[in-house]
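What follows is a single structure, written as structure tokens, with notes after it.
Every chain is numbered from 1 and lettered A, B, ... according to where its sequence line falls, protein lines coming before strand lines.
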2 protein chains.
Amino acid sequence: MAIPRAAQTLRRTRIQEEKEEIILEAALEVFSQRGFHGSTIDQIADVAGMSKPNLLYYFRTKEAMHRALIDRVLENWLEPLKAFDADGDPEEELCSYIRRKLEMARDFPRESRLFANEVLQGAPHIIGVLEGPLKELVDEKAEVIEAWIKAGKIRHCDPRHMIFSIWSTTQHYADFDVQVKAVLGPGQDGDDRFEQAAQFLEQLFVDGLIRPVDVALADS
Amino acid sequence: MAIPRAAQTLRRTRIQEEKEEIILEAALEVFSQRGFHGSTIDQIADVAGMSKPNLLYYFRTKEAMHRALIDRVLENWLEPLKAFDADGDPEEELCSYIRRKLEMARDFPRESRLFANEVLQGAPHIIGVLEGPLKELVDEKAEVIEAWIKAGKIRHCDPRHMIFSIWSTTQHYADFDVQVKAVLGPGQDGDDRFEQAAQFLEQLFVDGLIRPVDVALADS
DNA sequence: GTCTATAAGGCGATAGAC
DNA sequence: GTCTATCGCCTTATAGAC
């Protein structure tokens, strides 16, 4: 028996949730690859193994599907930055943040590309998130970094641009994966490039932002 | 008088070139903002101030327009990396490359987004360039950097991932401009963020890759 | 060279049977 | 809940007058 639409947002059956899960998984696959405008409901229906009208039974419009997907993915996406801790050791926190972000680029490239596509095209659906929750989160973490600077634990630098540089360098391996693989050539095994990236980036950020402050220059 | 299509590629009149110029400028505006699939010929025609059939007189298909645009923009886009010189001082070369790339992000953000859109969606139209000319160029520059490393002029690191990190950090300010502006907030005047980025990135890369090798740690 | 008109097909969304 | 059929719009591309 059909359940009225209004009730769906309040209480959903297990089956409904499973179907929505399948649809959103397919939507992630398609939206992340071709962007919102480049994607069609047909493509998503194909991937989901369902008919187009059936998809539109669960999500009334293409936009609703996209919005639901964004909402669903956004939480996990911001988690690494939230985990950034003021009490920890700066070098350890920095490295662990880089590592986490690289792992996400490796394990959840579609999520990264979903947001990249969105932001690249002007972020029409999430501009509110960027100016609200995201900005507040960055402001909060920027204060942590400022405190480290004032305490002499890391070099003086602009905390916000430091965060940008971590975002860009790590997400690059998800968003521009085709280019990375093309430039590195075919001699690579599996996920080697992520290991190499981790090593390079940890060195870059640690030596660039931390080491010169409190560690004497000993070995090369 | 209509000139046969076949002749257009061989010899074009000034007027034809000017018209094509206008169309490609409009195409850049639209394609860079919405990606290939999200863009319509109508939108490009509007921006160009011409009728849709008129556009299709100069470029027979939407794909042809896109291809011509990519070809046209690609040359300038690779120039900064080509200018990377083995004979120069590593610190100077590195800084000047970063500065150049940041200037391009500031002055030609549409070109950056055009490629970002393309690569993000799997680079269907330029995969050949990535695997051919781009890879070769990077290979060549990687050797320069390797030579610097062996000469003890910069720290040991992976040259290709070093190039990736410069690309990603600088292009971030073009491709994700909306997000950068949202996070930095409204208190910014004009292009301040590019100045801040230049300062941060030069410090990061110089201290992270060069200074520890041959400069004693004196001042903080 | 540029226009209006239109063909041909893709797409989002709905109708209604089951 | 899921299907087939279809509406109505948008988009690429062409035809043909000027």
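- Rounded to whole angstrom, the span from the OH atom of A:Y57 across to the P atom of D:dT2 amounts to 8 Å.
- Checked against D:dT2, D:dC3, D:dA13, the side chain of A:S51 finds its nearest nucleotide in D:dC3.
- A cation-pi arrangement, defined by a distance under 6.0 Å to the six-membered ring centre and an angle within 45 degrees of its axis, is absent between B:K82 and B:W77.
- If you take CG of A:N54 and C1' of D:dA5, they are 16 Å apart, rounded to a whole angstrom.
- For B:K19 and B:Y58, the positive end is not near the middle of the six-membered ring at less than 6.0 Å and at most 45° from its axis.
- The existence of a salt bridge linking B:R193 and B:D177 is confirmed by a sub-4.0 Å separation between a basic side-chain nitrogen and an acidic carboxylate oxygen.
- Taking 4.0 Å as the cut-off between side-chain N and carboxylate O, B:E21 and B:R72 count as a salt-bridged pair.
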N/O to N/O distances under 3.5 Å, protein versus nucleotides 14-16 of chain C:
none

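- In the region residues 36-48 of chain A, proximity to DNA chain C at under 4.0 angstrom, judged on heavy atoms, holds for A:S39, A:T40, A:I41.
- Checking the phosphate oxygens (OP1, OP2) of C:dT2, a side-chain nitrogen or oxygen of B:Y58 falls inside 4.0 Å.
- Closest to the side chain of A:K19, from the set C:dG1, D:dA13, D:dT2, is D:dT2.
- Taking the six-membered ring where the residue is Trp, the centroids of A:F84 and A:W148 are separated by under 6.0 Å.
- A:H125 and A:R67 form no side-chain donor-acceptor contact under 3.5 Å, judged by distance and modelled atom types alone.
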Q) Could you go step by step and tell me if B:E202 and B:R99 meet the salt bridge (charged side-chain N to carboxylate O under 4.0 Å, His left out) rule? A) CA-CA 8 Å; B:E202 288 195 9; B:R99 224 177 304 122; 3.2 Å; yes
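- A search for side-chain hydrogen bond (donor to acceptor under 3.5 Å, both in side chains) contacts involving A:S112 returns A:D175, not counting sequence neighbours.
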